[in-house]
Structure formats: structure tokens, C-alpha cells
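Worksheet: the structure to be examined is printed underneath.
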Amino acid sequence: MNNQQNLLVWYQENKRDLPWRNTQNPYHIWISEVILQQTRVAQGLPYFLRFMEKFPDVFSMANAPEDEILKLWQGLGYYSRARNMHSSAKLIAEVHQGVFPNTFNQLVKLKGIGPYTAAAIASFAFKEPVAVVDGNVARVLSRFYALETAFQTPAGKKLFSELAQEFLNKSEPDMHNQAIMELGALVCTPTNPNCLICPLQSNCLAFIQQKQSQFPVRITKNPPKKRYIAYFHFESNGKTALFKRPKGGIWQHLYDFPYLESEFPLTDEDWFSQAHLKNWFEPKQAVTKVLEKKHVLSHQHLYVSFYLVQTEKIKELQFGEFWKANEELHQLGIPRLLDSYFEKLKEIYPELIS
Ligand code: SF4
């Protein structure tokens, strides 16, 4: 027997007896799938039974006031799913005279029906040979083929749906789809898959290589970028040099201090020699280190040193700077990072900043 046949035999012997499995009614299958996207089988079952009792067909749902649908849905969360279900029921009742669209391409156009639900209805109810790929199926496939691509990426979505389609038993797509979902739910579980009783074991690459725990692979996030920055607070006779950050990038249009930047940590002397090269101050100029701080942004970590440089005369820094009166500073839009600096500065030089 091949993999697909083994899978079907296993399914016939081990499947759970669930009410939506004993029907080919697309309406029933649809409602069960919408509920199961929100919750697990055990919690979803009573909801399904209540929906079937209250709205046994698409007309009864289409004619019901929205409040009644939402009341029955209560506890499942994400109410837009219930609203979309109601609006598609109305469309099927009114535009299609209650006849359920019967192909994947028609189904996927309905509000709230995505590729997964469309494939489930098309295959379970109409035996269209389209593969379903939910989280359970993706886990089985990722281990069976030892896939190095994460399912959640665009490339992963494409790869998994192509492989699922290739793996599909085209003559029994309804049973095959249910079987592979059930295998993921009962045997090829997220942790400790029960490979010893798995019908796919002999050809499963993850099992053969004993690497089950390494699949499915997760999306690897890029580590945050580290940036090392030296801020210089140039102060002269009650005025401070600031420039306005340009459009785009972080903190656009906020006022900021002139700064230097490095990809590596630098000492105070390293920063000062760079500042001398720019002719920002003379080598003998007194410079005070006021604060060192790590500032965490979503994709970058800034390691910042703040230096105070007081001069008698205003110096041309050629940084696009404006010299603003110190008493105006609190009215300007500045990055939060500079707030910490000014707080520290107030402790050390209360007379400098009001
Ligand atoms: S052999 Fe193990 S890892 Fe492979 S599909 Fe079966 S349960 Fe999953």
C-alpha cells in the first residue's frame, strides 16, 4: 500500500465520530469549519449543535436577525466571522436561491470563506480534488518532507499548498483531507508525535532522520540591529544646537542633537577624534559626558552616549542646525530619548535648562 492508502486505512479505524463528518451537506460543513477556526473540537461541538438546531439550513440563517446569530456565537470571539457567515448565507439564499456554490473557485469568492474553508467545503461536500492546508496538515507535511521553509512565509504558503495538492488522493479527496487533518490532530501532534503508530512512518523524512522535533521550522526573526551613537549637546550663551530630522526614517520632523554614529562600540576618545575631524570643537575643549543609555526600538537597539559641549561663541557645525533658546526647548517635539538626557542634565546643571 502507498502512503495515501495507509492514511485512509488508519483514518477509517481511528477517526473521531463527529457530527459534521456524517454529512455531505455543504451548509453543515461550512458552519462546522467556521466554528472550528475559532476553537477546538470539544469546545466547538456544542456550538455546532446549537447552530444546527436553531438554523438547520441556509434560509433559516439568512432570515435570522443578526443579533440572534451573534448571541449564538457569543463566547467564540472575533464577531466579524459570524457577521461574514450571516452575509454569505443571505447571498446564497437570495442570489443563489439556496443552492450552495459547489466549486472551490466560486466558494472562495464568498465573504469570510478563505482558501482553507473553500477547499474543505469543495472536497468534503462535492469531492473536488483540492487539498486543504490548515495548521495540522502543515505540520504533517513539514515533517513528512522535512521542509526547511516556514509555513507562515509567502514562499511557505505556496510550497505547502503545492505539496498538499501533490500528496492528495485525487480519487478520494474528501476522505484524504479529513484523514490528514485527523492525523495531525491525533498522532503528528506539535510535541511528542506518536510516530510508532503513524501510517506515514516508513516514508516520513523527519522520522527516518529522527528529527521530528526540528519540524515545522519556525520563522527566524532578524536580530535587532545595534547602533552606537554619540550625541553632542552644543550649548552657547543660553542657546542649544538642534537640527530637524528629515522625512522618512525614525523620528521624522522631530528636533534632535547633532550626532555621530558607528557600527561598533567606541570610546569617548574615539568619538572626540571623529568630532575634531568635523571641526565641531577643539581638542582641548572641555566636554562632559552626561549620560549613557540603551534605547530599544522595535528593530534596533541604540547604545547612546550624550556629551555636553559648552562654548563661548556659537560655532558653525554644518549639520543643518538651528540655535534655539534653552527656555524654548521644552516646547519642541523631540525624541523620547532626549527627554531622558534633559532630565539627567537638570540634575547636574539645573541652571542650564529651565
Ligand atoms: S512519522 Fe511521526 S513525524 Fe512523521 S508524519 Fe508520522 S507522526 Fe508525524
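Values below: every heavy atom of this structure, side chains too, minus hydrogens, waters and symmetry copies. Note that the numbering runs from 1 along the sequence shown for the chain.
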Kindly say whether the aromatic ring centers of Phe100 and Trp30 come within a distance under 6.0 Å.
yes
Taking the side chain as everything from C-beta on, heavy atoms only, tell me whether Met61 gets closer than 4.5 Å to Ile31.
yes
Should the heavy atoms of other residues, nucleotides or ligands under 6.0 Å from CZ of Arg16 be counted, would the total exceed 12?
yes
Working for ring pair (Phe, Tyr, Trp, His ring centres under 6.0 Å), residues Trp280 and Phe234
CA-CA 9 Å; Trp280 279 359; Phe234 292 97; 5.7 Å; yes
Could you state the interatomic distance from CG (Asn279) to CD (Glu316), rounded to the nearest 0.5 Å?
10.5 Å
So that I know where these two stand, are Phe342 and Phe257 an aromatic pair - ring centroids less than 6.0 Å apart?
yes
Is the centre of the His233 ring less than 6.0 Å from the centre of the Tyr307 ring?
no
Kindly give the heavy-atom pair with the smallest separation between Glu292 and Lys289, and that separation in Å.
OE2-NZ, 2.8 Å
Do you see a donor-acceptor pair shorter than 3.5 Å between the side chains of Asn84 and Arg81?
no
I'd like to check Val133 versus Leu163 (side-chain heavy atoms, cut-off strictly below 4.5 Å). Are they in contact?
no
Give a yes-or-no answer on whether the side chains of Asn326 and Glu235 include a donor-acceptor pair shorter than 3.5 Å.
yes
Where at least one partner belongs to residues 158-215, residue pairs that pass ring pair (Phe, Tyr, Trp, His ring centres under 6.0 Å), sequence neighbours excluded:
Phe144-Phe167, Phe151-Phe160, Phe167-His176
Which atom of Glu148 lies closest to which atom of Val217, heavy atoms considered:
O-CG2, 3.3 Å
Taking all atoms of both residues into account, what is the closest heavy-atom pair of Ala185 and Thr189, and its distance?
O-CG2, 3.6 Å
For salt bridge (charged side-chain N to carboxylate O under 4.0 Å, His left out), just list the numbers for Lys346 and Glu343, CA-CA rounded to whole Å, side-chain angles, deciding distance to a tenth of an Å, and then say yes or no.
CA-CA 5 Å; Lys346 263 187 218 168; Glu343 271 168 33; over 6 Å; no
Got more than 12 heavy atoms from elsewhere within 6.0 Å of CD, Glu53?
no
Which pairs count as salt bridge (charged side-chain N to carboxylate O under 4.0 Å, His left out) when at least one residue sits in residues 162-173, sequence neighbours excluded?
Lys158-Glu162
